[in-house]
Amino acid sequence: MATPRMLHTVCSEKFYHHHTDTFSHGRVARTQVPDNLVSWTAPWPGYRPVQFTAPLVLTSTKANREVGEEGFSPAWNMMDGSVSRISHEREYMVGEDGRPLNIMGRTGVEGRGVLGRW
C-alpha cells in the first residue's frame, strides 16, 4: 500500500523566516496554501504567492541574476556549466515565467528567499 506523500510542514507556517543583511531575523507573510492545493497539479488559477528575494541576494556578486535578465538563461534539471541545477529529490517543473517550481509544491512565497542560486 502506498503511503501519502508528506506535506512540507515548514511551508505551511504563516511566515517565511529569514536572515537579513545584518544577520538579524526577518519574516515575510506567506499566502496561505490549503493542504489540498499544495501540489502543482491541483488547479488554482487564483494563486498569487508573495514575491520575496532577500536584498542580500540581489546585491551579492556571487548570486545568480534574475531569470529573464539579458545574458542569463539557466539550464534546468541538468549541469549548467559548473553549476548543478539538478535536484536531489527528482526532476522539477518550470513555471510559465521560466523559473523553477518548488519540488515540494506551493509554499505561499515566490522567488529565491535567501538562496543565491536558482
Side-chain angles (χ1 to χ4, degrees):
M1 180 173 158
T3 59
R5 189 174 140 167
M6 292 180 58
L7 295 175
H8 193 312
T9 57
V10 172
C11 293
S12 63
E13 293 178 1
K14 186 173 181 174
F15 295 99
Y16 170 78
H17 298 272
H18 63 93
H19 289 287
T20 65
D21 294 341
T22 59
F23 298 100
S24 60
H25 296 279
R27 65 185 195 173
V28 176
R30 299 176 181 274
T31 298
Q32 293 301 290
V33 180
D35 290 349
N36 65 320
L37 294 176
V38 169
S39 173
W40 292 111
T41 60
W44 189 0
Y47 179 57
R48 301 288 179 267
V50 173
Q51 177 64 244
F52 178 70
T53 299
L56 66 96
V57 171
L58 299 174
T59 58
S60 172
T61 58
K62 296 179 181 180
N64 288 158
R65 292 180 280 165
E66 289 297 302
V67 171
E69 281 188 27
E70 187 175 333
F72 183 65
S73 52
W76 305 122
N77 289 303
M78 62 183 69
M79 287 299 295
D80 184 14
S82 63
V83 175
S84 175
R85 300 196 194 279
I86 302 168
S87 168
H88 296 284
E89 295 280 327
R90 63 184 176 283
E91 191 167 301
Y92 49 85
M93 297 184 294
V94 177
E96 293 177 9
D97 60 1
R99 300 187 317 182
L101 299 176
N102 186 310
I103 204 160
M104 299 302 287
R106 294 181 178 102
T107 65
V109 178
E110 180 177 72
R112 286 186 281 172
V114 295
L115 300 177
R117 291 193 173 148
W118 287 101

Sub-4.5 Å side-chain heavy-atom contact between Met79 and Arg85: no
Please say yes or no: joined through hydrophobic side-chain contacts below 4.5 Å, possibly via intermediate residues, are Met93 and Leu37 part of one cluster? yes
Looking only at heavy atoms, what is the nearest atom pair of Val114 and Ala54, with distance? CG1-CB, 3.9 Å
Can you list everything that forms a side chain to side chain contact (heavy atoms under 4.5 Å, CB included) with Ser60? Sequence neighbours excluded, please. Lys62, Ala63
Minimum side-chain heavy-atom gap Glu110-Asp97 below 4.5 Å: yes
Between Val109 and Leu101, is there a shared hydrophobic cluster once you connect ILVMFWY residues whose side-chain heavy atoms come closer than 4.5 Å? no
Same cluster for Ile103 and Val94 if Ile/Leu/Val/Met/Phe/Trp/Tyr side chains link at under 4.5 Å? yes
Pro74 to Val67 - nearest heavy-atom pair and separation: CG-CG2, 4.4 Å
Can you name the residues that form a side chain to side chain contact (heavy atoms under 4.5 Å, CB included) with Met78, not counting sequence neighbours? Ala75
Determine, for Tyr16 and Arg30, whether the Lys NZ or Arg CZ falls below 6.0 Å from the six-membered ring centre while staying within 45 degrees of the axis. no
Look at atom CZ of Arg65 and say whether more than 12 heavy atoms of other residues, nucleotides or ligands are closer to it than 6.0 Å. yes
Can you give me the closest heavy-atom contact between Thr107 and Val33, atom names plus distance? C-CG2, 4.0 Å
For residues Arg90 and Asn77, is any side-chain donor paired with an opposing acceptor at under 3.5 Å? no
With clusters defined by side-chain heavy atoms of hydrophobic residues (ILVMFWY) lying less than 4.5 Å apart, directly or transitively, does Trp76 cluster with Phe72? yes
Quick check: does any side chain N or O of Ser87 sit under 3.5 Å from a backbone N or O of Tyr92, one acting as donor and the other as acceptor? no
Residue list, side chain to side chain contact (heavy atoms under 4.5 Å, CB included) with Glu66, at least two apart or on another chain: Thr53, Leu58, Glu69, Arg99, Arg112, Trp118
Distance under 6.0 Å and angle within 45° of the ring axis: does Arg106 meet both against Tyr47? yes
Same cluster or not: Val38 versus Trp44, using hydrophobic residues (I, L, V, M, F, W, Y) connected whenever any side-chain heavy atoms lie under 4.5 Å apart? yes
